[in-house]
Every structure is written in C-alpha cells, then in structure tokens.
J.: 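Got a structure for you, written out below as structure tokens; questions coming shortly.
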Amino acid sequence: MSELILTIEDATVLIGGKPFFENLTFHIHKGRKIALVGKNGAGKTTLMNLITGDREIDDGRRWLFAGTTIGYMQQHIDPLPGQTIRDFVFAGMKKSTEEWDQSYKIEMIVEPLGLRADERMDSLSGGLLRRAALARALVEEPDILLLDEPTNHMDLEVIQWLESYLKYYAGAVICVSHDRTFLANISDNVFWLDRGKLRISPEGFGKFDEWSQSLYDLEARQLHNREQRVKLELEWANRGVKARVKRNVRRQSLAREAAAQLEADQKSYKKATRAIKFPPPDVEESSLNVAEFINARKSFINPDTGQKKMILDKFTLRVKRRDRVGILGRNGSGKTSFLKLLIGELEADGGKVKMAKDLTFSYFDQKRSTLDNTKTLQETLCVSGSDHLDVRGKYRHVCGYLKDFLFEPEDAWRKVSTLSGGQKNRLMLAKVLANPGSFLILDEPTNDLDMDTLDMLENILTSFDGTIFVVSHDRDFLDQVVNKLLVFEGDGKIETIIGGYSDYLEYKKGEEPPAPKIEVKNKKEEKKPVADSTPTPNKVASKLSYKLQYELDRLPRKIKEYETEFAELQKTMADPDLYSRDPGVFYDTAKRHAEVKEALELAENRWLELEDMRMKLEDKA
C-alpha cells in the first residue's frame, strides 16, 4: 500500500449552522488518482477546500503528513499588466529555480498545453488562461494536485497529453470532470458524494456506473425490507393497545418514527435515482437533403503575419436530415467558421454552399453571447414578458420548464450574472431546446456541465428528429450522439469518418471503419459461385460430447454460487466506514470482488457458448 499523506476522520462540516457533512472520513495515499464525482451541490468544492485547508472542519480530525504540498488549479485569474505566461507559471516556484529547470518545464509542460511562454497573459482568451493555470499547477509538482474541470476548452490532443502526464504523475491527483472518458483513463479510485455521504470505490471511474448501480440496487432492497417491517409495526400500533403500559406506548411512538424516517429515506432515494426525462422535440419535416458543400473554399488573412490561413479547400459534403455530425479539431482549425458558413453568417470564397429553404436553425454558442447578464432567467426565456413560454407549441410556466434543467423554481428571478458557468450552459440549453427547429448547431455544449445534465442532453439529442452538428472534445459524448465525424486537420484538410470517436480511433490505427451499406436499385448483379474448399465431414455430431455436456450441466450451480458471493461482497463494500475500520479487510474484499466478478463473467459466457453449441448441433440433427 502506498504512503498515507492526508487523512480526514469523523469530520463534521456546518453550513448555515446545519450539518452539511457528518462522520466524513477519507484517506489520500501518495500516487493515488481519484475521480471526485457527485451532483451539483453535493459538496465537491467543499471537499476540495477541506483538503487544501481553506475550509476548516467543525469537528473531527484532519491530519497532513509533514512537508506535504497541495496544489489547486486556479479557477479565476487576474493577469498583472505586462505579465507573461512564463512569469505567471513560475510565480509559485522558488526564486532559486535554475534556468535550465525552467526551460525543461516549458518544453515538457507549457508548450504541450499549446502556450507560448513569452506571450502576455492579458492577451489570452479565457480558455488559454485556464491552460496557463493548469500549467502553473503542474509545474509546481505538489504532492496532492486538485483539478476542477481541467479539460474545458481544450483540444483533444491536449486532453490526451494531459491524460498521459497524469498517469505517470508521482503525486496524488483528485479530479472533478464531466469528461467520462478522461476520468476513466486517469483514475484508480472514485470518491462519490451522494446525499451527504462519501462512498469510496477501490476501482477507477470506468467501473463507476456498474458499482454505483449495485449500491442503488442494494439500497432499494433494504428500503423494501424496511417497508415490510414498518408496515407490520404500524398495523400493531393502529389496532390500539388495551393496557397502555409504558413499553406499548413507547413501541407505538417508535413505529411512527420509523414510518416517518422511512418516508424521508424513500423520497431521498427517488430523488437520487430520478432519471431526467425530457420529451423529444417535435421537428417539422424538411427535405431529405438539408445542406450541400460543393468544392467549397474558405480562407482568412492573419492580420498580424499577413499569411493566408485555409479553412476549407475544395470541400464537398452532403448533409441529410437526421444526420448527427460531430466536429473535431484543434483550436483555430476552422470549426467555428465552418458552423458560421452553415448558418449563413459567412460566405464561401469559392465553390457552392447550398441550404434547403425550409430549414430553421437553433445555435448553441460556447461563448454564450446571446445571454444578457443583466436579465433574470425568466426574462431570458420569456421574451414576451409573461411568466409562460412556448415550448414546441405548448405554453409552459417558466418555473416548471426550468425544473427540467435542474433549476429550482425560485431561480427564475435570479440574474444571469449570478449563475455559474455550468448553470449558464444549462440556461443556454433551455433556451435553445425550447424550439430547436429542424437544424441544431451546438458549439462545445458539454463545457461546465455536470454528468446528470450531460445524460439529459444525450437523451434529447439521440431522440431529436432533425439534423445535428456538434463541436465537442468529449469522446464519450461523441460516441453516444453522432453517426459521422468531420475531423479538421488544419490547412483546409478535413477527414470524414463514418461513426463516432471510437471509429475514428480505429481509422487512425490504419483500420478503415466499416463503410455504410448502400442499396443498389434497378440493377441486377450476377453472383459467381464460390468453390467451397472445406471438406465435408463423413458424420455430423448430433449432441455435445460427454465432457462438454457435463460442464454445461454444472455451470448454472457455479453461476449461482458466484452471484451469491458477489452480492455479499457488494454489501460489504457498501459500508463507507470499512476502510477506516479495517484497511486490510477493505483491500482483501476489493481484490476478491474483482476476482469473483471476472469468474462470474467467464462462467456466464461459457454457459452461453456451450448452450449455443448444443442448440446448433440439435438443429443439424
């Protein structure tokens, strides 16, 4: 086991005089890579502040190994006049840092993040400022590195570089991110904040969905069993007791308290497991072909260098209704300019861009330029000034509609300026999806979104009947949503890939993704007979061999035993205090959990294989 560097035990944290965390216990070991997940408001920022020491615990114990350093990627930066990226990045380092060390770190960290060391901080965009903050945190090499949404506004290549860097980072990393693939690739533990409790998984985020669902299933069974017991106690209490002795009165009181607590716990469970449902948008029928680029060309002249920058070069593409097109590429490769060509804000320098006449566009702008910070959420959504808005032909109250996007009813009267980045993105989605038209264009919609909203957005887009173009570097999101990729390689070169991000990876390996099936009509093709060189067996077996049949007969019992043991291990691991009580049992249980899971999967697959073999032999006979 790696060296323990930070512990928080039995901590209580009060917010507004009320307990926010109670009996909070966790440990951080050197080199651990921890994904910190939880719904908005679950306390992820508070937990990070407890780790840094910026937020004191109201009760309990916080222990930090002597000399341990903690670094936090800054979220808000106010650049000093004339300050360069080099000045900012190395501001936290010792003044005695050698020049060769700075040069080495610029080459290994600053430049791979797409930053130029001598560029002025006050000239950077918001996305580049975030990269500078990340570079500073990495350069300082703290023993515990805290990262909050580090992949926002990053190119895919930079994200992949960061993944590789963090895998081999010597210190511990605690990361909050909406990017599921990123978390799965870097983490070996998960801290899950769920309704005021911290649940810890000894496996990485790649197993989180399965693990968290198993805990929800266990909770559902426990609630069901409690409900049966409470029901019996209430029946006894409601019958009345002739002899009002103290023990009977006490029992009645306990029965009603148990019923009230059960009701509260059931509501908590339903709220935690509530799937965010959103009715699919109605789309007006438009022509089958909605857009066409024919040898389109587009370029810009860089005002600083006078050089020509090619965006499109003899680009040809036909877009059909219901196409879901993902757009990938480095920052500055022309993705946003391409979207502006689609909606008519820019014109091509040459070639043709043809759009269907009956298209209606909705555009999600990553810069949120259509949001007015001085307006309330109600004023943003209800342009008529009323408290109702038209949502795809139906009038809905603004409070009810905002609830679909995880806002509280009272948020309707908040100013846009008071919202966080993630809340502003949710508001933008609410505005765009109220009447999405027949053509949705989404420019980096996943930035700052929590996973619940991301799931909701994926559900909306997969059921949307119109055409979608989406710019994103979220690989899991692209795999879930798109059926075609346009990869902007730079200098006007664009690769067209059928499928999602996983298909693009196969393509990059040199394996072409499977081509779409094309129906050939009004054309008869002669098929040449193909000689079968496989020798025909003299006799075809009609049943499994004795050895295989023996194995098949015994597999159901083995599978049942594995399932029983797996359920018991799941129950043991659901105990949030197990690690602090007995770390040895915790790791032994986690190890056996992985072994039994693998054995169960192998047994199930083997049963399916043998059963399929048996049925085929019987059919042949």
Side-chain angles (χ1 to χ4, degrees), residues 1-73 75 142-148 171-176 187-203 205 208 211-212 215 218-219 222 257 261 264-265 268-269 271-272 571-590:
M1 190 185 303
S2 58
E3 181 183 345
L4 183 65
I5 52 179
L6 183 142
T7 287
I8 288 183
E9 289 186 342
D10 298 324
T12 298
V13 177
L14 303 176
I15 295 181
K18 296 180 180 179
F20 188 75
F21 288 129
E22 289 185 287
N23 302 316
L24 177 67
T25 296
F26 63 89
H27 312 276
I28 297 176
H29 291 79
K30 187 176 181 179
R32 284 291 182 207
K33 306 298 184 290
I34 299 166
L36 175 57
V37 301
K39 296 186 177 183
N40 278 353
K44 298 188 291 293
T45 301
T46 302
L47 190 76
M48 283 193 164
N49 288 336
L50 292 176
I51 293 172
T52 62
D54 292 337
R55 176 69 163 84
E56 293 185 0
I57 59 176
D58 296 289
D59 193 14
R61 187 172 78 97
R62 177 182 183 272
W63 174 84
L64 183 69
F65 185 75
T68 300
T69 56
I70 301 175
Y72 200 158
M73 176 182 166
Q75 296 300 302
D143 298 310
I144 301 175
L145 174 63
L146 305 176
L147 299 175
D148 191 355
V173 177
I174 296 93
C175 182
V176 175
S187 65
D188 53 31
N189 272 208
V190 177
F191 282 10
W192 178 29
L193 288 171
D194 177 38
R195 292 166 285 167
K197 293 181 180 179
L198 179 64
R199 305 173 188 266
I200 299 173
S201 168
E203 297 180 297
F205 185 79
F208 173 74
W211 171 71
S212 58
L215 295 185
L218 175 62
E219 184 177 355
Q222 290 173 339
E257 287 176 9
Q261 185 60 51
D265 291 343
S268 173
Y269 173 78
K271 186 176 181 180
K571 186 176 179 180
T572 302
M573 290 177 64
D575 180 2
D577 300 321
L578 176 61
Y579 182 93
S580 58
R581 191 168 61 249
D582 195 333
V585 172
F586 177 90
Y587 280 104
D588 289 344
T589 304

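The first residue of the sequence shown is numbered 1, and numbering continues consecutively from there.
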J.: How long is the gap from CD1 on I34 to OG on S187, to the nearest 0.5 Å?
T.: 9.5 Å
J.: Before you tell me yes or no, could you show the steps for V176 and M48 under side-chain contact (heavy atoms from CB on, under 4.5 Å), namely the whole-Å CA-CA distance, both residues' side-chain angles and the distance that decides it to 0.1 Å?
T.: CA-CA 10 Å; V176 175; M48 283 193 164; 3.5 Å; yes
J.: Looking at L218, is its backbone amide N or carbonyl O close enough to the side chain of K571 to form a donor-acceptor pair, meaning the two atoms are under 3.5 Å apart?
T.: no
J.: May I ask you to decide if G171's main-chain N or O and K33's side chain share a donor-acceptor pair within less than 3.5 Å?
T.: yes
J.: Do the rings of F208 and F205 sit parallel, tilted or perpendicular, given the 30° and 60° boundaries?
T.: parallel
J.: Does K39 use its side chain to pair, donor to acceptor, with the backbone of L193 at less than 3.5 Å?
T.: no
J.: Do you know which two heavy atoms are closest between R62 and I51, and how far apart they sit?
T.: NH2-O, 2.6 Å
J.: Sequence neighbours excluded, which residues qualify as side-chain hydrogen bond (donor to acceptor under 3.5 Å, both in side chains) partners of E219?
T.: R195
J.: Quick check: do R32 and D188 have side-chain heavy atoms less than 4.5 Å from each other?
T.: yes
J.: Excluding sequence neighbours, so at least two apart, what forms salt bridge (Lys or Arg N to Asp or Glu O under 4.0 Å) with D58?
T.: R55
J.: Report the residues that fulfil ring pair (Phe, Tyr, Trp, His ring centres under 6.0 Å) with F191, sequence neighbours left out, ordered by chain and then residue number.
T.: F26
J.: Tell me, please, which residues at least two apart from T589 pass side-chain contact (heavy atoms from CB on, under 4.5 Å).
T.: L569, T572, M573, V585
J.: Determine whether F65 and K30 make a side-chain contact, defined as any pair of heavy atoms from C-beta on separated by less than 4.5 Å.
T.: no
J.: Once rounded to the nearest 0.5 Å, what's the spacing between atom CH2 of W192 and atom CG of L198?
T.: 11.0 Å
J.: Just to verify, which of I174, L64, D143 counts as forming a side-chain contact (heavy atoms from CB on, under 4.5 Å) with I28?
T.: I174
J.: Given side-chain contact (heavy atoms from CB on, under 4.5 Å), test W211 with E203 step by step and report yes or no.
T.: CA-CA 9 Å; W211 171 71; E203 297 180 297; 5.7 Å; no
J.: Name all residues meeting the side-chain hydrogen bond (donor to acceptor under 3.5 Å, both in side chains) criterion together with T52; count only those two or more places apart in sequence or in a different chain, and write none if there are none.
T.: D54
J.: Please tabulate, for side-chain N and O atoms in residues 4-25, each donor-acceptor pair with protein atoms closer than 3.5 Å (sequence neighbours left out).
T.:
| from | atom 1 | to | atom 2 | distance (Å) |
| --- | --- | --- | --- | --- |
| T7 | OG1 | H27 | ND1 | 3.1 |
| E9 | OE1 | R61 | NH2 | 3.4 |
| T25 | OG1 | D10 | N | 2.9 |

J.: Holding to side-chain contact (heavy atoms from CB on, under 4.5 Å), I want the full list of residues that pass it with P142, two or more places apart in sequence or in another chain.
T.: T69, E140, L145, Y169
